[in-house]
Amino acid sequence: MAWTNEDVSRQLAEIAALLRLRGEDPFKVRAYERAAGVIAATPVDLAELSPEEIARLKGIGRSSARRIDEYRRTGRIDMLERLRADVPAGVAELARVPGLGPKTARLLHAELGLSGLDDLRAALEQGRLRGLAGLGEKTEQNLRRALERMGAKDDDRVPAADALPVAEELCARLAALPAAGRVAYAGSLRRLRETVGDIDLLVASDQPAPVMAALRDDSLTVRVLAAGEKKTSVLTVRGLQADLRVVEPAAWGAALVYFTGSKAHNVRVRERAVRRGLTLNEYGLFDRVTGGRVAGRTEEEVYAALGMAFVPAPMREDAGEVQAAADGVLPDVVTAADVLGDLHGHTDWSGDGKASMQDMLGAARRRGDRYWAVTDHAENLVMNGLSRERMVAQRGAIERLRGGLSGLTVLHGAELNIGADGELDYDREFLLGFDFCVASVHTLMHRPREEQTRRIVAAMEHPAVNVIGHPVGRIIGRRPGYDIDVEVIVEAAARTGTALEVNASPRRLDLSGRMVRRAVEAGATVAISCDAHSLGDLGNRVYGVATAQRGWARAADVLNCRDVDGLRDFVAAKR
DNA sequence: GCCGTTTTCGGCCCGACTGTTTTCAGTCG
């Protein structure tokens with residue numbers, strides 16, 4: 001039976017959702033939600049913990065511990081089974097409609113016998129909602145539109161990579177307004193979750209009205225969903241909702257904390273504020289007695305006034321960061337400034353590279369990189385790979401370029417292909433002639449877990465392999481990736497002195513933040529790599545850094561935060 | 001249901017917007 005943190009977390013979250021639909025005590029609902037969050041965020045595999053250790057996790061009380069233990073022993077939770085039997089599936093489906101909550105879903109089921117979206121659609125057509133208490137014409141209209149929107153999309157979340165360009169464009173347009181001060185996108189996009197449900201925009205300004213109007217009238221806006229004095233919501237192109245808040249500059253930091261979330265992080269921080277006689281909202285941190293504003297202008301100021309270390313946005317997931325920041329033990333995570341170079345990049349020597357070696361290296365140097373590894377595809381990748389002869393020729397070409405690239409050390413490497421049993425391109429002697437090698441899976445992506453894990457571990461055993469590229473092979477929103485045993489992979493990485501890549505492409509983010517956290521806890525090293533195929537890809541590093549931050553990685557955990565000598569030591573240690 | 005440098009009981013984060021209400025409930029984030 002599957003027995004992972006994710007499984008258990010899903011069970012608890014479903015209990016919470018069903019309790020909410022039943023209209024139970026909201027605090028009980030929240031308790032189960034929190035328990036689900038705690039389990040999901042626990043970096044240690046639940047299967048390795050005793051029931052006593054699980055019960056000691058903060059947020060897991062007697063009830064949740066009992067349910068978890070029941071699930072471990074029997075594979076089911078009686079309470080959940082009973083809730084499922086008790087709450088009609090149709091009610092849960094109705095509550096998925098935006099704007100339609102538990103109360104209305106229950107009402108529609110009880111009064112009209114509606115069960116699911118098709119029923120709701122039919123009832124709207126027949127005008128059967130008329131006369132129900134609290135449901136007027138506008139509500140009907142809103143429900144119709146919500147149903148239309150749901151029908152047009154199969155999922156209400158989109159890959160962050162799809163939302164980033166829209167968010168950045170909207171920020172640029174708002175920033176150009178005379179009334180606008182600072183402008184930022186916040187929410188799950190700023191935390192760089194893999195997928196996002198909407199775009200949260202924040203503007204500092206003393207004149208909210210023209211800023212709100214600009215978003216309503218923007219060419220990217222399809223429809224206005226809500227428009228108040230302090231908040232505007234619109235539907236943008238691509239079906240993405242954008243929420244805009246405008247606050248006075250003195251509240252910028254508090255608003256950014258509030259709007260960045262996560263919700264669970266905010267609740268945790270606000271509870272801390274209350275215990276200290278303060279109250280935190282989007283307008284600032286206030287003294288509960290005098291009402292005076294204690295902090296609010298910057299995020300740093302808000303956290304400091306709460307006696308906490310600053311928490312980088314990607315870490316704000318209520319995964320233990322609030323307590324750690326309060327106790328002064330929050331790890332000093334890697335920042336973009338710590339990263340000194342890139343260890344995985346392509347040029348037009350490979351079939352899929354879009355820019356010349358000279359252009360790529362020149363751009364890297366201008367960005368301030370101290371080193372850059374040219375790692376074009378190796379020969380076994382038939383479409384794009386370089387033969388042994390071409391590799392030798394490329395090495396010569398790098399020699400000739402070196403004079404014009406003062407300050408940038410160029411490493412000659414390759415992106416090797418991991419074969420069915422972990423075998424690699426070329427031969428051992430030739431491989432050891434490279435400065436640095438990445439090895440990645442490009443074929444046979446559907447092998448069973450054990451086999452897939454074994455071949456990657458076999459590649460890690462090779463003395464010439466320094467990094468495993470995109471270890472999971474997923475494309476967010478498109479394909480799930482290879483089935484691997486993450487625990488075995490991170491252990492092998494630590495043991496063999498092989499780094500695991502954090503591929504910075506927002507379409508990949510691979511390793512994920514969660515896996516990064518497991519890797520660094522196991523003592524493995526990670527490498528933040530752009531895997532650039534074009535000049536534009538060089539700008540992706542920030543997303544790799546954010547993902548490493550989500551995984552609580554310090555600069556010391558990141559291979560390309562070392563200087564060239566440190567890098568060469570890492571390579572030499574394996575040979 | 002969870003938790004305790006106020007507490008083993010009595011609290012539990014905070015605010016915006018809409019619609020249908022003559023003062024607030026529902027929903028959302």
Side-chain angles (χ1 to χ4, degrees), chain A residues 12 15-16 19-21 23-38 55-68 79 94-108 129 131-143 145-146 156 186-188 196-202 208 212 224-234 241-247 251 254-255 257-286 288 306-307 318 322-323 326-327:
Chain A
L12 296 172
I15 290 177
L19 288 173
R20 185 195 303 284
L21 283 171
E24 302 253 354
D25 176 10
F27 295 110
K28 183 170 169 180
V29 173
R30 196 170 86 182
Y32 274 104
E33 269 173 356
R34 278 195 162 173
V38 166
R56 272 202 295 276
L57 293 171
K58 217 179 171 72
I60 305 295
R62 270 187 50 215
S63 260
S64 307
R66 237 187 14 247
R67 315 274 179 229
I68 294 170
M79 177 195 194
L94 288 173
R96 279 179 40 223
V97 179
L100 202 168
K103 288 261 165 60
T104 315
R106 287 210 311 279
L107 178 77
L108 294 177
L129 268 58
L132 282 184
L135 291 181
E137 208 170 315
K138 293 289 276 260
T139 304
E140 272 187 58
Q141 186 69 15
N142 288 339
L143 288 177
R145 285 186 167 159
D156 54 350
S188 49
V196 302
D198 61 11
I199 296 172
D200 298 310
L201 301 169
L202 185 64
M212 303 286 190
V224 178
L225 300 173
E229 270 176 56
K230 317 200 162 186
K231 177 179 158 179
T232 294
S233 293
V234 301
Q241 182 174 331
D243 297 331
L244 169 67
R245 294 291 295 258
V246 183
V247 296
V257 170
Y258 154 74
F259 220 20
T260 297
S262 65
K263 194 178 169 195
H265 173 89
N266 286 350
V267 170
R268 203 61 89 176
V269 172
R270 287 170 178 192
E271 283 172 352
R272 179 174 174 81
V274 171
R275 281 199 305 279
R276 296 167 77 90
L278 304 166
T279 188
L280 177 64
N281 57 32
E282 55 265 56
Y283 305 111
L285 183 64
F286 299 90
R288 284 176 97 88
L306 287 166
D318 191 26
V322 173
Q323 192 64 49
D327 294 344

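Below, chains carry the letters A, B, ... as their sequence lines are ordered, and counting in each starts from 1. As a basis for the values below, the full set of heavy atoms in this structure was taken, side chains included, without hydrogen atoms, waters or symmetry mates. Source: prediction; values computed, not measured.
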Strictly below 4.0 Å: does Asn142(A) bring a side-chain N or O up to OP1 or OP2 of dG19(B)? yes
### Query
Looking across every strand, which nucleic acid part, if any, lies under 4.0 Å from Tyr283(A) by heavy atom: base, sugar-phosphate, or nothing?
sugar-phosphate
Are Arg34(A) and Arg268(A) close enough that some pair of their side-chain heavy atoms sits under 4.5 Å apart?
-> yes
Quiz item: Heavy atoms under 4.0 Å, any strand shown: does Pro102(A) hit a base, just sugar-phosphate, or nothing?
Solution: sugar-phosphate
Rounded to whole Å, CG of Leu225(A) lies from C1' of dC28(B) at a distance of 12 Å
Inset, instruction - Report which part of the nucleic acid Lys103(A) touches: base, sugar-phosphate, or nothing (heavy-atom distance under 4.0 Å, all strands). - result: sugar-phosphate
Which part of the nucleic acid, if any, lies within contact of Tyr32(A), taking any heavy atom under 4.0 Å across all strands shown: a base, the sugar-phosphate backbone alone, or nothing?
-> sugar-phosphate
- Query: Touch check for Ala273(A), heavy atoms < 4.0 angstrom, all strands: base, sugar-phosphate only, or nothing?
  - Reply: nothing
Taken to the nearest whole Å, CZ/Arg30(A) to C1'/dC2(B) is 9 Å
Atom NZ of Lys231(A) and atom C1' of dA16(B) are separated, to the nearest Å, by 5 Å
Report task. Would you indicate what Asp25(A) reaches in the nucleic acid, counting non-hydrogen atoms under 4.0 angstrom: base, sugar-phosphate, or nothing? Result -> base
Taking dG29(B), dG19(B), dC2(B) as options, the one with an atom nearest any side-chain atom of Lys263(A) is dG29(B)
Query raised in the report: Can you tell me how far C1' in dC12(B) sits from the matching atom in dT18(B), rounded to whole Å?
Result: 27 Å
Q. Which part of the nucleic acid, if any, lies within reach of Gly187(A) when heavy atoms closer than 4.0 Å are counted: base, sugar-phosphate only, or nothing?
A. nothing
Report task. Looking at every strand, decide which applies to Arg288(A) at a 4.0 Å heavy-atom threshold: base, sugar-phosphate, or nothing. Result -> sugar-phosphate
Of dG1(B), dG29(B), dG19(B), the nucleotide closest to the side chain of Ser63(A) is dG1(B)
Among the nucleotides dC13(B), dA16(B), dG1(B), whichever has the atom closest to the side chain of Glu282(A) is dA16(B)
Under 4.0 angstrom, heavy atoms only, what part of the nucleic acid is Arg245(A) near: base, sugar-phosphate, or nothing?
sugar-phosphate
Closest to the 5' end of DNA chain B, once Ala226(A) and Leu100(A) are matched to their nearest nucleotides, is Ala226(A)
note: Arg96(A), atom CZ; dC28(B), atom C1'; distance rounded to Å ~ 17 Å
Looking only at dG29(B), dC12(B), dG1(B), the nucleotide nearest the Glu271(A) side chain is dC12(B)
From CZ of Arg20(A) across to P of dT27(B) the rounded distance in Å is 10 Å
Please work out if Ser233(A) contacts a base, only the sugar-phosphate, or nothing of the nucleic acid, heavy-atom cut-off 4.0 Å. nothing
Quiz prompt | Candidate pair Lys230(A) and Glu282(A), rule side-chain contact (heavy atoms from CB on, under 4.5 Å), full reasoning | solution = CA-CA 11 Å; Lys230(A) 317 200 162 186; Glu282(A) 55 265 56; over 6 Å; no
P-based separation of dA16(B) from dG10(B) [nearest Å]: 32 Å
- Task: Determine the Euclidean distance between corresponding C1' atoms of dT7(B) and dC17(B); express it in Å to zero decimal places.
- Result: 36 Å
Against the side chain of Thr279(A), the closest entry in dC14(B), dG19(B), dG1(B) is dC14(B)
dT27(B) and dT21(B), which share atom name P, separated by this distance in whole Å: 15 Å
Sorted by position of nearest nucleotide on DNA chain B, 5' first, the leading residue of Gln241(A) and Gly228(A) is Gly228(A)
Rounded to whole Å, CG of Asp200(A) lies from P of dG15(B) at a distance of 19 Å
- Heavy atoms under 4.0 Å, any strand shown: does Val97(A) hit a base, just sugar-phosphate, or nothing? sugar-phosphate
Any strand, both distances under 3.5 Å, Watson-Crick or G-U wobble: dG26(B) pairs with dC17(B)
Between dG1(B) and dT5(B), how far is it from one C1' atom to the other, in whole Å? 24 Å
Note to self: I'd like the P distance from dT6(B) over to dG15(B), given in whole Å.
What the structure shows: 23 Å
Main chain of Pro26(A), side chain of Arg20(A): is a donor-acceptor contact present, judged purely on distance under 3.5 Å? no
Out of dG26(B), dA16(B), dG15(B), minimum distance to the side chain of Asn281(A) belongs to dG15(B)
Under 4.0 Å, counting only non-hydrogen atoms across every strand here, what does Arg275(A) touch: a base, just sugar-phosphate, or nothing? nothing
Is there a donor-acceptor pair closer than 3.5 Å between any side-chain N or O of Arg245(A) and the backbone N or O of Ala255(A)? no
Item to complete: Ignoring hydrogens and angles, tell me if any N or O in the side chain of Asn266(A) forms a donor-acceptor pair with the backbone of Tyr258(A) under 3.5 Å.
Response: yes
Which of dC14(B), dC13(B), dC3(B) is nearest the side chain of Lys58(A)? It is dC3(B)
Taking atom C1' in both dC13(B) and dG19(B), compute the distance separating them and give it to the nearest angstrom.
25 Å
Distance col, row Leu202(A):CG vs Thr260(A):OG1, nearest 0.5 angstrom, shows 8.0 Å
Rounded to the nearest 0.5 Å, the CG atom of Leu285(A) sits from the CZ atom of Arg276(A) at a distance of 9.5 Å
Whole-Å distance, Arg276(A) CZ to dC13(B) P, equals 17 Å
Output for pair (Leu108(A) CG, Leu143(A) CG), nearest 0.5 Å, gives 7.5 Å
Between CD1 of Ile60(A) and P of dC2(B) the distance, given in whole Å, is 8 Å
Base, sugar-phosphate, or nothing for Val29(A), non-hydrogen atoms under 4.0 angstrom? nothing
